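Heads up: the structure comes next, in structure tokens.
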Amino acid sequence: MLLGGLGWLARDMTPQTGERSGNPSLLELLEEMRQPPASPEPGRRRAPGPPPHPSWQSPLRSSCAITDPSQGKKLHQLVGQVETSPVQVRIHPTNYGERFSLDAYGNPVDPTPQLVVLHETVYGIGSAINTFTTPHPRDEDQVSYHSLIGENGAIVQVLDPAKRAFGAGNSAFNGRWVKTNAKVGGSVNNFALHISLETPLDGEDSDPSHSGYSAVQYDALAAQLASWMRRYGIPAANITTHRAVDLGGERADPRSFNWQALQQRLQNLGLLCRR
């Protein structure tokens, strides 16, 4: 085998005369091996997609009917308050990150918010704020949302929408996620906004349901959603839940959510009219 190999080397290293063979010489092959591999073009590297997961079917219906003009007027005023005089809390930098314009494989990704994920706090809003303002050096402890809504309807903005909240770990929305670390699963965080409703006292457990959220919470939720939907062009169909995007099947929030209550408010704000 060694002699045969040496003979092959000798043949390919011998200058050829006359018409050249279609096969490259060993010298040419060695020259090719010495060249650094060409970098793939941006956007050409294959990034793994999420595993199969049920697609989101929005409970929100398209409607142009204004069923309660007085409610619509009140909600429009609330939207103005959200946008001009928000209540803000500064959370610790370990609990959020920057939005990425490239994924872990070098592919360009759009970091513009395109999705809203609804959550609940399980414990009181004060407990959530305390968690967000506490340093968490370990990745597994880091968590945040962009806004919180108290039982009394107070809206607390805890993170600039331009930043990436750590609201949903292993997650995807309609076959889409972004992997920002090739060693772990992807998530929707890079293109999502996260908002959490304060859970009522009877929901501070792992039961599948509780007494539900207050009317003023739904008012505040509709106002915050209206602000984001107009600012970023987010369609109502892209308002989803943590339960729906979670790939591990472990999340159930927000429990006991009343989609009809949100439907009515967004409808009276004119945000569900698609002609």
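Bear in mind the structure is a predicted one, so any value in this text is a computation, not a measurement.
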Given side chains that start at C-beta, do those of Q217 and E151 come closer than 4.5 Å, heavy atoms only? yes

message: According to a hydrophobic-cluster definition based on side-chain heavy atoms being under 4.5 Å apart (Ile, Leu, Val, Met, Phe, Trp, Tyr only), do L197 and Y145 belong together?
response: no

Heavy-atom nearest pair, K183 first then N181, reads N-OD1, 2.9 Å

Single-linkage hydrophobic cluster L272~I234, side-chain heavy atoms < 4.5 angstrom: yes

May I ask whether V89 and I149 are part of the same hydrophobic cluster, defined by side-chain heavy atoms of I, L, V, M, F, W, Y residues being less than 4.5 angstrom apart, directly or through others?
no

- Message: Can you confirm whether the side chains of T241 and D253 place a donor and an acceptor under 3.5 Å from each other?
- Response: no

Q: Report whether V158 and I125 are members of the same hydrophobic cluster (ILVMFWY, side-chain heavy atoms less than 4.5 Å apart, transitive linking).
A: yes

Report task. Flag yes if W177 and L193 sit in one hydrophobic cluster, no otherwise; membership is Ile, Leu, Val, Met, Phe, Trp, Tyr, and two members link when side-chain heavy atoms are under 4.5 Å apart. Result -> no

The reported gap from CG in L262 to CG in D219 (rounded to nearest 0.5 angstrom) is 10.5 Å

Minimal heavy-atom distance between Y213 and R255, with the atoms involved, is OH-O, 3.0 Å

Check: D202/H210 side-chain N/O donor and acceptor closer than 3.5 Å: no

Minimal heavy-atom distance between V143 and F132, with the atoms involved, is O-CD2, 3.3 Å

Given the options E250, H119, E120, H242 meets side-chain hydrogen bond (donor to acceptor under 3.5 Å, both in side chains) only with H119

Next item on the list: Answer yes or no: is there a side-chain heavy-atom contact under 4.5 Å between P111 and R164?
Entry: no

**Q.** Residue pair T240 / L118, side-chain heavy-atom distance below 4.5 Å
**A.** no

Considering only heavy atoms from C-beta outward, does the side chain of R265 approach that of L271 to under 4.5 Å? no

S256 and Y218 have their tightest heavy-atom pair at O-OH, 4.1 Å

TODO: Take F191 and F100 through the ring-ring contact (aromatic ring centres under 6.0 Å, His included) test and state the conclusion after the steps.
DONE: CA-CA 9 Å; F191 56 93; F100 289 83; over 10 Å; no

Closest non-hydrogen atoms of I129 and L148, given as atom of the first, atom of the second and distance, are CG1-CD1, 3.6 Å

Open item on the list: Show, in sequence, the C-alpha distance, side-chain angles and deciding distance for Q57 and S55, and conclude whether the side chain to side chain donor-acceptor pair (under 3.5 Å) test is met.
Closed with: CA-CA 6 Å; Q57 302 296 323; S55 60; 3.3 Å; yes

Looking only at heavy atoms, the pair that brings A237 and F173 closest together is O-CZ, 3.9 Å

Could you check whether any side-chain heavy atom of R230 comes within less than 4.5 Å of a side-chain heavy atom of E83, counting everything from C-beta outward? no

